[in-house]
Amino acid sequence: MRWAPLGIVAFVAHTYLDGVPTAGNDLVLVGALMGVGAVLGVAGGVCTPGSGHSADTLVKAGAVSVVLWVLGMGARMGFQLWVEHGGGADDVARFSVAHHIAGDQAWVAAFVLMALTEVVTRLATIFLRGRLVPRERPAPAADHLLARP
C-alpha cells in the first residue's frame, strides 16, 4: 500500500496527459499551476504529523493537511464546473487569448500536472520527514541486572 499513490499518479498521467503544449504561454500556465501544486503538496506534507514508533513511520493527516488537500481538489473541480456549467468558458477563452495560451490542452495539462505535482511533493515531503524522525531504540535487555555474581 506504501507505493499505491505513485501507481495512481502514473495511471492518471498516462490516462489524462497526452502531452504538454508549448505554444505561446502554455508552459507559463503549466509552470504556474505546477508551482501551486508543489506549494500545496509540501505544505500538506509538512502539516502531516508523523512518529517513529516502529521501523515504518506512522503518518496521519491532520486538519491543516486535509484542508490543503480539499482546497487543491476543490479549486480544480470548481474551475471545471465553472467552465463547463457556470458560464466560465467565455471568460477562460478571453483570458487565454489575452495571455497567449494556445487552447484547451494547455489548461488540461496544467491542472493534471498541478494535481500530480501536489501528490508527488506531498509524498516526498512525508518520506523525507519520516527519514528525519528519530527512531525509538528498543530498551537494552535487562538480563544482566537479574544475574547474580
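Values below: all heavy atoms of this structure, side chains included; hydrogens, waters and symmetry mates excluded.
Tracing side-chain contacts under 4.5 Å through hydrophobic residues (I, L, V, M, F, W, Y), one reaches M73 starting from V12; they form part of the same cluster. Cluster annotation: V20 and V119 are assigned to the same hydrophobic cluster (Ile/Leu/Val/Met/Phe/Trp/Tyr, side-chain heavy-atom contacts under 4.5 Å, transitive). Following chains of ILVMFWY side-chain contacts shorter than 4.5 Å, one can reach V112 starting from L123, so the two form part of one hydrophobic cluster. A continuous path of hydrophobic side-chain contacts links F95 to L33 [ILVMFWY only; heavy atoms under 4.5 Å]. V70 and M77 fall into different hydrophobic clusters, where Ile, Leu, Val, Met, Phe, Trp and Tyr side chains are chained together by heavy-atom contacts under 4.5 Å.
Closest of all the heavy-atom pairs between T117 and T121 is O-OG1, 2.7 Å. Nearest heavy atoms, A110 versus L29: CB-CG, 3.9 Å. Counting all heavy atoms, side chain and backbone alike, G19 lies closest to A109 at O-CB, 3.8 Å. Between A13 and L116 the shortest heavy-atom distance is CB-CD1, 3.6 Å.
Here L27 contributes atom CG and M34 contributes atom CE; the two are 10.5 Å apart, rounded to the nearest 0.5 Å. A distance of 9.0 Å separates OG1 of T48 from CG of L68, quoted to the nearest 0.5 Å. Atoms CG and CG, on L113 and L17 in that order, are 5.0 Å from each other to the nearest 0.5 Å. From L81, atom CG reaches atom CZ of R76 across 13.5 Å, with rounding to the nearest 0.5 Å. In this structure, NE2 in H100 is found 6.5 Å from CG in N25, a value given to the nearest 0.5 Å.
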request  = Please step through side chain to side chain contact (heavy atoms under 4.5 Å, CB included) for the pair Q105 and V108, ending with a clear verdict.
outcome  = CA-CA 5 Å; Q105 279 308 109; V108 171; 4.1 Å; yes
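No side-chain heavy atom of Y16 sits under 4.5 Å from any side-chain heavy atom of F111. A heavy-atom distance below 4.5 Å is found between the side chains of V92 and W82. With contacts defined as side-chain heavy-atom distances shorter than 4.5 Å, the pair D26/W107 does not qualify.
Within 6.0 Å of the CG atom in D104, the count of heavy atoms belonging to other residues, nucleotides or ligands does not exceed 12.
Under 3.5 Å, the side chains of S65 and R122 contain a donor-acceptor pair of N or O atoms.
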